[in-house]
Amino acid sequence: MRMNEMFFPLTSTPFSRSGYRELLPSKELAPYVRCFWTSWNEVSSVPIIPDLCADIIIATDGTENKADGREISSMFFCGVSDKMFESVHSQGQCRRLFGIRFYAWQASAFSDEPLFKTANGFFELRAHFLAIEKSLRSKFSTAMNLEEFKQIAEETLLKLLVRPASKRPEQNSLVMDAITQMIRTRGSQNLSSLLKDIHASERQLERFFAQALSLSPKKVSSLIRYQGLWQSVCFSKIFDIQDAVAEFGYFDQAHLLNDFKKFHGMNLTEARKIAFSAK
């Protein structure tokens, strides 16, 4: 089973959200891309929770709630996050966003350089993805729908995947081995045990994770566990917190609840209310 089939991270509103749509990638890009998405200007802010993804985003502005006559206002990269933040909507003008959501450990396969110090940050797209910026800018139309955007984005990404090794950042196999093991154990394996399984030192893994994801192995493992818990909360017919404590390797109920709130930015009851209000 591929990693993207084992780990399918969710947003804070996984069932639906007004003005938001997403499409899954082609089979070739499924190991790299979680989805392609579009969103209209939000009426209110939406919690953006850590999902171990990083996004390339194109923003267009206009004066009406339609795409005709719009212009690109910005193209930027949103690095992987390890904490919740609120989306900010524009005042006055309508704002439409198009996005490519990468699994964070795969984003560097398409970048121009390693993604050091990009966690929890927003950057002009050309700072790390100049090749993508040039390609998308030449093909993008403000009148596009999501299906059309996905087509040009996939064309761009598939070309970059076959770049010569000398023209792309080196991807270390230890990172992929560690991520695979973390996903298999749902983030519950301790670091010393993980290091033995993948035959790496802690210093090595810290360095390679900083280069590829800009997060520590320990933080990535914790986020994988948190996302697994969130999926259980959202999709279990009857969610039992004591069963979840055992399933995800928490010490006790308090540990689970505190860990969830640390990443989600609110308690479990509030999170469920937001998620299911859009169902």
Side-chain angles (χ1 to χ4, degrees), residues 3 5-17 34 44-54 78-88 101 103-105 119-121 175 178-198 200 202-203 205-206 209-210 213-279:
M3 274 199 289
E5 295 170 338
M6 298 165 61
F7 181 72
F8 196 73
L10 303 178
T11 65
S12 65
T13 53
F15 301 111
S16 66
R17 191 169 91 218
R34 163 62 177 80
S44 59
S45 61
V46 174
I48 307 299
I49 61 173
D51 59 1
L52 278 176
C53 292
C78 176
V80 62
S81 63
D82 62 4
K83 54 191 172 185
M84 187 276 284
F85 63 93
E86 297 278 346
S87 66
V88 179
R101 182 167 297 146
Y103 293 105
W105 54 86
N120 302 304
V175 172
I179 294 287
T180 300
Q181 184 66 9
M182 289 173 182
I183 290 174
R184 283 175 178 163
T185 59
R186 307 182 80 174
S188 62
Q189 186 178 23
N190 63 50
L191 184 58
S192 60
S193 175
L194 171 67
L195 293 171
K196 289 179 182 178
D197 284 343
I198 65 172
E202 185 173 353
R203 182 174 294 182
L205 205 60
E206 289 278 354
F209 266 62
L213 288 94
S214 190
L215 291 176
S216 71
K218 185 176 181 180
K219 180 60 67 69
V220 171
S221 184
S222 295
L223 288 169
I224 287 172
R225 178 165 65 171
Y226 153 73
Q227 269 288 332
L229 171 62
W230 181 228
Q231 290 183 43
S232 182
V233 169
C234 291
F235 294 118
S236 296
K237 288 184 178 179
I238 300 176
F239 176 75
D240 186 285
I241 196 165
Q242 293 301 333
D243 289 345
V245 167
E247 181 180 358
F248 294 101
Y250 289 100
F251 299 128
D252 53 27
Q253 179 174 322
H255 182 207
L256 181 152
L257 293 174
N258 289 335
D259 198 62
F260 181 87
K261 187 173 183 179
K262 175 179 68 176
F263 291 127
H264 210 95
M266 63 190 74
N267 66 41
L268 204 152
T269 301
E270 293 171 318
R272 281 175 60 90
K273 183 177 179 181
I274 290 173
F276 287 94
S277 65
K279 197 168 183 179

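Side chains included, hydrogens not; waters and symmetry mates left out as well; all remaining heavy atoms used. Position 1 is the first residue of the sequence, and the numbers go up from there.
- Separation of atoms CG (L223) and NZ (K83) is listed at 12.0 Å; rounding is to 0.5 Å.
- Residues R225 and G249 approach most closely at NH1-O, 3.1 Å, considering heavy atoms.
- In this structure, L257 CG and K261 NZ are separated by 10.0 Å, a value rounded to the nearest 0.5 Å.
- Between Y226 and H264, the ring planes are perpendicular. Angles over 60° get that label, and only those under 30° would be called parallel.
- V175 has its side chain within reach of I179: a pair of non-hydrogen atoms, C-beta onward, lies under 4.5 Å apart.
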Test side chain to side chain contact (heavy atoms under 4.5 Å, CB included) applied to L194 and L191, step by step: CA-CA 5 Å; L194 171 67; L191 184 58; 4.1 Å; yes
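- Under a 3.5 Å cut-off, the side chain of D259 and the backbone N or O of H255 do not form any donor-acceptor pair.
- When all heavy atoms of C53 and R101 are compared, the pair lying nearest together is CB-CG, 3.5 Å.
- In this structure, the side chains of F7 and Q227 come closer than 4.5 Å at one or more pairs of heavy atoms.
- The shortest distance between side-chain heavy atoms of F239 and L268 falls below 4.5 Å.
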Side chain to side chain contact (heavy atoms under 4.5 Å, CB included) assessment of E270 paired with N267: CA-CA 6 Å; E270 293 171 318; N267 66 41; 3.2 Å; yes
K218/S221 under side chain to side chain contact (heavy atoms under 4.5 Å, CB included): CA gap, chis, key distance, verdict: CA-CA 5 Å; K218 185 176 181 180; S221 184; 5.8 Å; no
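- Residues L215 and F209 approach most closely at O-CB, 3.3 Å, considering heavy atoms.
- Within the 4.5 Å cutoff, the side chain of F248 has heavy atoms near those of the R186 side chain.
- Within 6.0 Å of NZ in K262 there are more than 12 heavy atoms belonging to other residues, nucleotides or ligands.
- Residues satisfying the side chain to side chain donor-acceptor pair (under 3.5 Å) criterion with Q253, sequence neighbours excluded, are Q242.
- Of the possible polar contacts, none joining the S214 side chain to the A210 backbone as a donor-acceptor pair under 3.5 Å is found.
- When the side chain to side chain donor-acceptor pair (under 3.5 Å) test is applied to S236, the partners found at least two apart in sequence or on another chain are S232.
- At least one side-chain heavy atom of I274 sits under 4.5 Å from a side-chain heavy atom of P47.
- Legend: residues meeting side chain to side chain donor-acceptor pair (under 3.5 Å) with S193, ordered by chain and number and at least two apart, are Q189.
- To the nearest 0.5 Å, atoms CG (D51) and OH (Y103) are separated by 10.0 Å.
- Here the shortest heavy-atom pairing between P50 and D82 reads CG-C, 3.7 Å.
- L229 is listed as a side-chain neighbour of F260, based on a closest heavy-atom distance under 4.5 Å.
- Taking a 6.0 Å sphere around CZ of F235, one finds it holds more than 12 heavy atoms contributed by other residues, nucleotides or ligands.
- L213 and V80 get closest at one heavy-atom pair: O-CG1, 3.2 Å.
- No side-chain heavy atom of T11 sits less than 4.5 Å from a side-chain heavy atom of I48.
- Closest non-hydrogen pair, S12 versus V46, comes out as OG-CG1, 3.9 Å.
- Within the 4.5 Å cutoff, side-chain heavy atoms of C234 are placed close to those of F15.
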Residue pair S188, Y250: steps toward the side chain to side chain contact (heavy atoms under 4.5 Å, CB included) verdict: CA-CA 8 Å; S188 62; Y250 289 100; over 6 Å; no
